[in-house]
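Scroll down for the structure; my scribbles are underneath it.
Being a predicted model, the structure only gives us computed values, none of them experimental. Side chains included, hydrogens not; waters and symmetry mates left out as well; all remaining heavy atoms used. In what follows, every chain begins at residue 1, and chains take the letters A, B, ... in the order their sequences are listed.
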Amino acid sequence: MKTPNKHLKGIITRCTNYKESDRIFTLISDDGIMKFIARGAKKPSSKLSGHIEPLNYVALYYRPSKSLNSVSQVESIHSFLEIKKEYNLILKAQYMMELAESLFSENDDNSSILSLLINTLRNIHNSKIPTLDILIFEFELLKHQGFGISIFDCTNCDKELERSDHYFSSNVGGFYCTTCFESKRLLDQSVKVTVGQQLILRTIARKNYKDLISLNLSEKEISNCRKLIQNSIRDIIGVQLKTVKFSDL
Amino acid sequence: MTSGKNSLPVEVQKLIIAFSSLPGIGPKTAQRLSYFVLSQNKEETLKLAEALKEVKENLGYCKTCCFITSDKDSENCGYCYEKESEQICVVENVIDAITIEMSGIHKGSFHVLHGAISPMNGIGPEKLKVEELMKRLNRGETKEIILATNPTLEGEATGMYLNKIISENYKNIKLTRLARGLASGTDLEYSDFNTLSNAFQNRTSID
């Protein structure tokens with residue numbers, strides 16, 4: 001008996017050419033990460049060709065298979081053309097897609113992560129500081145996946161952190177208060193974080209995104225905050241993402 | 001007696017591994033190809049081995065245009081001498097250069113980048129033959145660069161990167177890229193937003 005076609009919406013993250021004219025692509029959707037084959041998609045006359053491109057939000061119909069699911073219809077919902085016109089934004093978008101790919105769960109509902117990714121991609125081209133949007137994306141993604149960074153309290157003794165410089169450990173995903181830090185002597189595993197950087201992270205954690213603009217943030221401050229988050233990401237997924245070095249350009 | 005792949009002679013196992021390193025060849029196809037090689041007569045197989053050996057020993061990439069050449073030690077290949085260097089068409093792969101050359105449309109020379117910028121695969125501009133292109137431009141003979149990278153996300157990113165560095169450093173060089181829009185034989189109904197947007201932006205007047 002023939003398996004009925006299924007319908008799915010998601011963002012294409014990667015594409016590879018296969019055989020003479022086929023393309024294999026990866027889609028991140030509410031159902032997780034899936035691979036598909038689009039037969040004949042490399043041919044100029046193919047109805048699928050233009051739609052199967054990384055960074056396209058698409059709706060597709062596919063025939064489930066034991067190996068690769070074969071797509072029969074693809075339609076673009078959003079192509080993020082504004083991003084595709086700027087080199088730096090393409091690199092940033094690719095970083096966000098790789099990050100989302102690496103933190104997507106197989107069996108859980110991923111709809112909120114997908115919406116977070118789509119919303120960030122929709123807004124990033126209008127942003128005055130795109131790296132700030134990426135920082136918010138990284139922070140929210142970690143939080144959603146259960147790896148949220150503990151910002152307000154000490155990760156060791158749970159005491160509220162005072163307004164001063166503190167040490168951040170990516171291993172534990174949070175800050176140490178001065179007493180715990182001195183007693184544990186964790187200098188080699190921790191990074192000193194200034195009050196200013198903590199303020200950025202606290203504002204993001206409170207979702208007061210409008211207040212971030214009034215803080216007159218410099219690229220350097222945002223970059224330092226991103227380094228903290230990126231170290232946490234590296235510790236969580238166990239590898240450095242390939243696109244990290246391109247996302248700061 | 002051991003069973004499975006391990007019971008095969010080492011030579012056959014080596015051949016299977018060698019075939020599976022080729023793009024598009026999985027372990028099953030590699031096995032099938034290996035058994036085919038075994039069933040072939042010696043002469044035919046040695047012809048294939050000789051051809052593979054010759055390709056690797058005699059051919060290389062030109063230091064100027066990065067196209068395939070048999071003069072791998074000289075600075076310019078025969079192809080570079082033949083063609084005008086006033087107009088350089090920049091392509092991603094050798095096969096793209098051959099396709100354009102076969103069409104007979106482009107009379108100038110080529111520059112092969114050997115890939116495209118692809119952050120997802122860890123490929124940045126430093127892994128492409130961009131430095132070689134800059135060396136060519138420094139000679140001052142070039143008047144126009146035609147960016148003929150593929151109209152994919154990676155190809156577009158590569159084109160944008162080259163556009164940025166060439167326009168910043170070589171103000172007298174004209175930069176063009178291949179037209180984007182609807183391809184012959186396509187249906188407007190099935191076109192994606194990007195193609196349609198390009199087609200509208202690059203529309204031409206009917207004379």
Considering all heavy atoms, the nearest A:S79-B:N194 contact: OG-N, 4.4 Å
Side chain / backbone / both / neither for B:S191 at chain A, heavy atoms under 4.5 Å: backbone
B:E43, CD: over 12 other non-hydrogen atoms inside 6.0 angstrom: no
Neighbour count >12 (heavy atoms, 6.0 Å) for atom OH, B:Y61: no
Segment of A:T13 engaging chain B (4.5 angstrom heavy-atom cut-off): both
Closest heavy-atom pair and its distance - A:K242, B:M120: CD-O, 3.5 Å
B:N121 portion near chain A, given a 4.5 angstrom heavy-atom threshold: both
Most chain B-contacting option - heavy-atom pairs closer than 4.5 Å, from A:H78, A:H51, A:E98: A:H51
B:K63 atom NZ, over 12 foreign heavy atoms within 6.0 Å: yes
Part of A:K85 within contact of chain B (heavy atom distance under 4.5 Å): both
Atom NZ of A:K42: over 12 foreign heavy atoms under 6.0 Å: yes
Enclosure of B:N41 CG (heavy-atom neighbours >12, cutoff 6.0 Å): yes
Residue B:E126 excluded, over 12 heavy atoms near CD under 6.0 Å: yes
Region of A:K47 that comes under 4.5 Å of a non-hydrogen atom in chain B: both
Residues, nucleotides or ligands: over 12 heavy atoms within 6.0 Å of B:R139 CZ: yes
Chain A contact via B:I123 - which portion, at a heavy-atom distance below 4.5 Å: backbone
A:E20, CD atom: more than 12 neighbouring heavy atoms under 6.0 Å: no
Nearest heavy atoms of B:P119 and A:Q94, plus distance in Å: CD-OE1, 2.8 Å
Part of A:E75 within contact of chain B (heavy atom distance under 4.5 Å): neither
Under 4.5 Å from any heavy atom of chain B - which part of A:E53: side chain
Closest heavy-atom pair and its distance - B:P125, A:Y87: CG-OH, 3.8 Å
Options A:L55, A:V74, A:T243, A:V244, ranked by heavy-atom pairs under 4.5 Å with chain B, top entry: A:T243
Portion of B:E154 that has a non-hydrogen atom of chain A nearer than 4.5 angstrom: side chain
Contacting region of A:I77 [heavy-atom separation from chain B under 4.5 Å]: backbone
Most contacts with chain A, counted as non-hydrogen pairs under 4.5 angstrom, among B:T152, B:D187, B:I117: B:T152
